[in-house]
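What follows is a set of notes on a single structure, which appears directly below.
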Amino acid sequence: MKKDVYKLEGSMLDVLFNFIADGQPVPRVIGDKALKQWQHYLRAEGGISLESAFFGADEDGSFAARTAQGAAQRKQFMALLNAERSGATIEDLTALIASPASGHNPGDAPNRDWVTQELQAYATWKKAVNAGRVLP
């Protein structure tokens, strides 16, 4: 169990189920918050979805889809970071993103824009998580 359980990623429902899955007692603050969200959903009487009650109405798509997309993006960013750590150049990183395994054709103009956007997203992620500290 993480030391600072109250700063875990995800929704309160996600945190609640993590405690249950680990066989740990659920802290009162977690149970109270999840119950409050459930009661808000019930009081809305169909005015809001269960998804928005627990995961936020301002998000696009389902929580599961966003979680999977985030995991896939992190996996790609880690591959780029490992390649960069091994001495890859920006051209190498571009080729890695545009490789056939990624499902994008590097000769296609919109996909070149996509590769540029992915490189920018990678740079932003790297700065946000301070991943540059592991580079030589």
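Because the structure is predicted, anything quoted here is derived from the model rather than measured.
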Worksheet item: side-chain hydrogen bond (donor to acceptor under 3.5 Å, both in side chains) with Tyr122: which of Glu84, Gln117, Lys127?
Response: Glu84
Practice prompt. Can you see which heavy atom on Leu96 is nearest to which on Ala79, and at what distance?
Written response: CD2-O, 4.1 Å
Discussion item. So, taking the atom named CD1 in Ile97 and the one named CZ in Phe77, what distance separates them when rounded to the nearest 0.5 Å?
Written reply: 7.5 Å
Item to complete: Taking the side chain as every heavy atom from C-beta outward, state whether Ile48 and His40 have any atom pair closer than 4.5 Å.
Response: yes
Worksheet entry | Rounded distance (nearest 0.5 Å) linking atom CG of Asn18 with atom CG of Asp22 | 6.5 Å
Worksheet item: Which pair of non-hydrogen atoms, one from Thr94 and one from Val115, has the smallest distance, and what is that distance?
Response: CG2-CG1, 3.6 Å
Practice prompt. First locate atom OG1 of Thr124, then atom CG of Leu119, and finally report the distance between them rounded to the nearest 0.5 Å.
Written response: 10.5 Å
Practice prompt. Report yes if the side chains of Gln39 and Leu35 come closer than 4.5 Å at any heavy-atom pair, otherwise no.
Written response: yes
Worksheet entry | For the student: nearest non-hydrogen atoms of Trp114 and Gln76, plus distance | CH2-NE2, 4.3 Å
Fill in: Nearest heavy-atom neighbours spanning Leu93 and Ala88
CD2-CB, 4.1 Å
Practice prompt. State the CE-CZ distance between Met78 and Arg74, to the nearest 0.5 angstrom.
Written response: 5.0 Å
